[in-house]
2 protein chains.
Amino acid sequence: MVALRPLQALRLWQQVCLAEVRGDMPDLTERQMAILLTVYLDPPPHTVRGLAEKLKVTKPVITRALDTMGAMKLLARHRDQRDRRNVLIRRTVEGALFVERFGDVVVANAAELPI
Amino acid sequence: MVALRPLQALRLWQQVCLAEVRGDMPDLTERQMAILLTVYLDPPPHTVRGLAEKLKVTKPVITRALDTMGAMKLLARHRDQRDRRNVLIRRTVEGALFVERFGDVVVANAAELPI
DNA sequence: TGCAATCGTTTCGGTACCGTATCATTACGC
DNA sequence: GCGTAATGATACGGTACCGAAACGATTGCA
């Protein structure tokens with residue numbers, strides 16, 4: 001339970017967005033961000049279908065996001081050997097680093113919030 | 001000063017992203033979000049040039065974002081009568097409501113964070 | 001062995017955004 | 001007035017994403 005007042009929440013979001021926009025990091029879509037954080041925060045296994053249901057989007061949305069973030073090495077695909085129709089989404093070192101750094105940005109900006 | 005631990009920060013971001021993705025709200029780009037929040041949180045006046053400098057992006061980026069969000073009625077353009085070259089970006093009722101509701105989403109998700 | 005169901009992917013046309021360069025309008029100094 | 005500077009908008013080609021539909025691959029069941 002984190003007590004956050006509306007103005008603080010908005011200010012936090014603004015500062016983090018500004019940091020992301022100003023930086024030369026690869027800009028991720030809100031959907032891509034939701035997928036990435038879900039893969040790294042929720043327990044595996046993660047499948048295309050599962051993510052599509054969690055985000056309430058269609059499967060092609062997940063496939064395309066995996067294409068993009070896979071090219072960025074933020075996560076990786078892996079065929080499920082027990083049911084070769086499935087694709088398991090796995091974490092990568094680069095992705096873990098990216099997520100960790102992003103979390104630090106949020107924490108740092110939260111620490112500087114006034115009032 | 002808000003004490004937020006890395007895992008809490010990431011979980012918060014995930015939940016808010018999920019809420020936005022799942023909702024049928026108009027999805028805003030990270031840049032658009034940075035502009036919108038800056039207009040509504042920072043003191044006016046706001047100009048295209050000023051926003052471009054603050055976000056470290058080019059002016060067409062701001063112009064296009066204003067087009068998009070203007071069509072959504074999230075903010076409005078207004079010629080500066082003292083220097084008619086300038087365009088002043090003003091807040092709207094719809095935009096204020098949108099920002100307020102977004103802040104509430106963040107606050108609500110922060111309140112439900114574990115540990 | 002067939003055949004339907006499920007999985008993820010691909011294709012299609014359309015839309016939105018990007019960066020760069022250029023434009024029209026307005027202001028200001030000479 | 002006239003040229004220069006500054007503002008924001010636009011044109012252009014390119015890229016990425018979107019929703020809907022169709023597609024191969026794999027499974028499991030009759």
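Residue numbering restarts at 1 for every chain, and letters A, B, ... go by the order of the sequence lines.
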| request: Please step through side chain to side chain contact (heavy atoms under 4.5 Å, CB included) for the pair T63(A) and R77(A), ending with a clear verdict. | output: CA-CA 10 Å; T63(A) 295; R77(A) 273 189 259 231; 4.1 Å; yes

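Distances shown here put a side-chain N or O of T63(B) below 4.0 Å from the OP1 or OP2 atom of dA9(D). The shortest distance between the side-chain N/O atoms of R77(A) and the OP1/OP2 oxygens of dT9(C) is below 4.0 Å. The side chain of R85(A) contributes no N or O atom lying less than 4.0 Å from OP1 or OP2 of dA25(D). The side chain of R31(B) contributes no N or O atom lying less than 4.0 Å from OP1 or OP2 of dA16(C). Taking side-chain N and O atoms only, T47(A) has no distance below 4.0 Å to OP1 or OP2 of dC7(C).
Summarising the geometry, the separation between CD1 on I62(A) and C1' on dC7(C) is reported as 14 Å, rounded to the nearest angstrom. Per the geometry, CD1 belonging to I35(A) stands 13 Å off P belonging to dG8(C), to the nearest Å. Atom CG in D27(B) sits about 9 Å away from atom P in dG19(D), given to the nearest Å. With rounding to whole Å, L55(A) atom CG is found 12 Å from dG19(D) atom P. In this structure, CG of L51(B) is placed 12 Å from C1' of dG8(D), rounded to the nearest angstrom. Rounded to whole Å, the distance from CG on D67(B) to P on dC18(C) is 12 Å. Straight-line distance from the CG atom of L28(A) to the P atom of dC17(C): 17 Å, rounded to whole Å. Whole-Å rounding puts the E30(A) CD to dC17(D) C1' distance at 14 Å.
Nearest to the side chain of R49(B), among dC17(C), dT7(D), dG8(C), sits dT7(D). Picking from dA9(D), dT20(C), dG19(D) the nucleotide with the shortest atom distance to the side chain of T58(A) gives dG19(D). Distances from the side chain of Q32(B) to the nucleotides dA21(D), dC17(C), dA27(C) place dC17(C) closest. Closest to the side chain of D83(A), from the set dT27(D), dA11(D), dG8(C), is dT27(D). Nearest to the side chain of K59(A), among dC18(D), dA11(D), dG8(C), sits dG8(C).
Heavy atoms of Q81(B) sit nowhere under 4.0 angstrom from any nucleic acid atom. Within the 4.0 angstrom heavy-atom criterion, no nucleotide atom of any strand lies near R79(A).
The base of dG8(C) does not come close enough to the side chain of R84(A) for any donor and acceptor atom to sit less than 3.5 Å apart.
Ring pair W13(A)/W13(B) is parallel by interplanar angle, where below 30° counts as parallel and above 60° as perpendicular.
Side chain of T47(B) to backbone of G50(B): a donor-acceptor contact under 3.5 angstrom is found.
The cluster map of Ile, Leu, Val, Met, Phe, Trp and Tyr, joined by side-chain heavy atoms under 4.5 Å apart, puts F98(A) and M72(A) in the same cluster.
Between the side chains of Q14(B) and R11(B), at least one donor N or O lies within less than 3.5 Å of an accepting N or O.
Within a 6.0 Å sphere centred on CZ of R22(A), other residues, nucleotides and ligands contribute more than 12 heavy atoms.
When each of P60(A) and R82(A) is assigned the nucleotide of DNA chain D with its nearest heavy atom, P60(A) is the one assigned upstream, toward the 5' end.
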